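Taking it in order: structure first as structure tokens, then the write-up.
Computed from a prediction, not measured in an experiment: that's the story for all the values here. By convention in this document, chain letters (A, B, ...) are assigned in the order of the sequence lines, proteins followed by strands, and residues within each chain are numbered from 1.
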Protein chains: 2
Amino acid sequence: MDLNDTRFNPQNCGSCPIRHRAVCARCDGDELDLLETMKFYRSFEAGQTVIWSGDRMDFVASVVTGIATLTQTMEDGRRQMVGLLLPSDFVGRPGRDSAPYDVTATTDLVMCCFRRKPFEEMMVRTPHVGQRLLEMTLDELDAAREWMLLLGRKTAREKIASLMAIIGRRDAALRLKGGKAPLVFDLPLTREAMADYLGLTLETVSRQISALRRDGVIELEGKRHVLVPDLDRLLEEAGDDTDGGLVV
Amino acid sequence: MDLNDTRFNPQNCGSCPIRHRAVCARCDGDELDLLETMKFYRSFEAGQTVIWSGDRMDFVASVVTGIATLTQTMEDGRRQMVGLLLPSDFVGRPGRDSAPYDVTATTDLVMCCFRRKPFEEMMVRTPHVGQRLLEMTLDELDAAREWMLLLGRKTAREKIASLMAIIGRRDAALRLKGGKAPLVFDLPLTREAMADYLGLTLETVSRQISALRRDGVIELEGKRHVLVPDLDRLLEEAGDDTDGGLVV
DNA sequence: GATCCACTTTGATCTGCATCATAGCAGCCC
DNA sequence: GGGCTGCTATGATGCAGATCAAAGTGGATC
């Protein structure tokens, strides 16, 4: 795959630390040319595992198209999703040898990759990449801690409403539809994946989605297509005081 | 307070990004002298709030002595602790104006502080501080995600066992007692604070601690002093496959 | 020692979600 | 069409942990 591939949307690299020549406003020099020569693309089919927890991980990457999940698993099979990677999200740990959790493609997935060693060397020479990476990691940490509140203290209904709000708003942000129009989006996850994300069972997820639909908080077309007529109502159901943008 | 204060233990700054002259093996130059001139100490009494969520935060800091907690709160009062700061832990967000959660001293607390602006400038000039900060933030992110697994999928008993293991091992690491001796430590949290950390109620915490004591997994002297006769047994109760060091 | 207060323990009961079970539904292949 | 397969919905039941209530504990203060 290359930049001419129709699936590649340079917009998607806008918020990743690896800004592509086409979209980086901050730097115009040789460092970006260097980045361009370093990058390569990898594709995965829906359901494929990108990397297993504990495996050696010698690259860093950002999602170009598709959805990936980060999950942790206990010996007995209990699973908890700990992160959701949408287009433009970054994955990888400069300075770390092995992956801390499973990374799985839930849809067909294309990632823009860089080998870790040269990337790290480039970071040293190009301070703003490191700074951007710190910023993004702090954002992820905030999101993770927001999620801890959800997992520890929210009810099943609040969890579902929160998930809808986050996915819907992320989706709207990606399309640059910042307006007040009702959110319309497709759920990128199965009921089971949502359950793993929310610390619930798939049956409870299904029941609560039905309940929110019955109560008019969301509208459903098919299993995946969602319309939110009133975002404030949804946020109220989610128990969110912040109307700020939870970045996942 | 200054370096001569008996409460100050330079060892405690060993893992913080702000390495003090006394303990930093990596740099011997002027940059550390600069750090020394920038730092100042702040003390808080047990129960005092260091900073409220949303408040302007114009400093970064590391814990010298005592314990602080990071908590998030919903409008209706439900609380979730999202982090625990022990001596040597770092708090603050270079590049961020406001605090993302409440920081509270649960014991008497001394922090070693740096004003944010000069600290950020120093980071630019001194790359290894920024790198160290990225490393630490990635560690925190891993710990947060480990905690997500706990909050989402572990039983009350497993949660308590996990907490004991983490606090006990952190405590042992601080004292540099790396041996196989049984863990002995004091719980730095009330039952209620543990409940807020684990996403439980204080009654459940109390019951599960009693149950672990009855089953010989831990021994208690008073309410706070804990002895773990068999760490492997505790880890098994915690449902941990990793025997790696969960950093909180 | 007596009183107080914050914290903890334990018991009784309730409930939200898990678990178990079954059926509906859409896409796909033959 | 018919049958298969993966996903979803919904009903019946059970249980872990929440909630409500009361009593125990130990340190501080007078």
Euclidean distance, atom [atom1] of residue [X] to atom [atom2] of [N] [Å, nearest integer]:
X        : N      : atom1 : atom2 : value
B:Leu200 : D:dT19 : CG    : P     : 11 Å
A:Ile160 : C:dG16 : CD1   : P     : 16 Å
A:Leu202 : C:dC17 : CG    : P     : 15 Å
B:Met194 : C:dT8  : CE    : P     : 7 Å
A:Leu220 : D:dA9  : CG    : C1'   : 12 Å
B:Leu198 : D:dA18 : CG    : C1'   : 15 Å
A:Lys154 : D:dG17 : NZ    : P     : 22 Å
B:Gln208 : C:dT10 : CD    : P     : 12 Å

Mind checking if [X] touches a base, just sugar-phosphate, or nothing, with heavy atoms under 4.0 Å?
X        : value
B:Ile209 : nothing
B:Ser206 : base
B:Gly47  : nothing

Of all the choices, [options], which nucleotide is nearest to the side chain of [X] once you look at every atom?
X        : options                : answer
A:Ser210 : D:dT10, D:dG17, C:dT9  : D:dT10
B:Glu203 : D:dT10, D:dC20, C:dC17 : D:dC20
A:Arg191 : C:dC17, C:dC20, D:dT8  : D:dT8
A:Arg207 : C:dT9, D:dA18, D:dT10  : D:dT10
B:Lys223 : D:dT8, D:dG17, C:dT9   : C:dT9

Where A:Leu150 and A:Lys159 come nearest, the two heavy atoms and their spacing
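Minimum heavy-atom contact is O-CE, 3.3 Å.
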
Can you see if the side chain of [X] gets near the phosphate of [N] - specifically, an N or O under 4.0 Å from OP1 or OP2?
X        : N      : answer
A:Thr204 : C:dA18 : yes
B:Thr201 : D:dA18 : yes
A:Arg224 : D:dT8  : yes

Please confirm whether the backbone N or O of [Y] pairs with a side-chain atom of [X], one donor and one acceptor, at under 3.5 Å?
X        : Y        : answer
A:Arg93  : A:Met57  : no
A:Asp215 : A:Leu212 : no
A:Lys154 : A:Leu149 : no

Using a strict cut-off of less than 4.0 Å between a Lys/Arg side-chain nitrogen and an Asp/Glu carboxylate oxygen, indicate whether A:Asp102 and A:Arg79 qualify as a salt bridge.
no

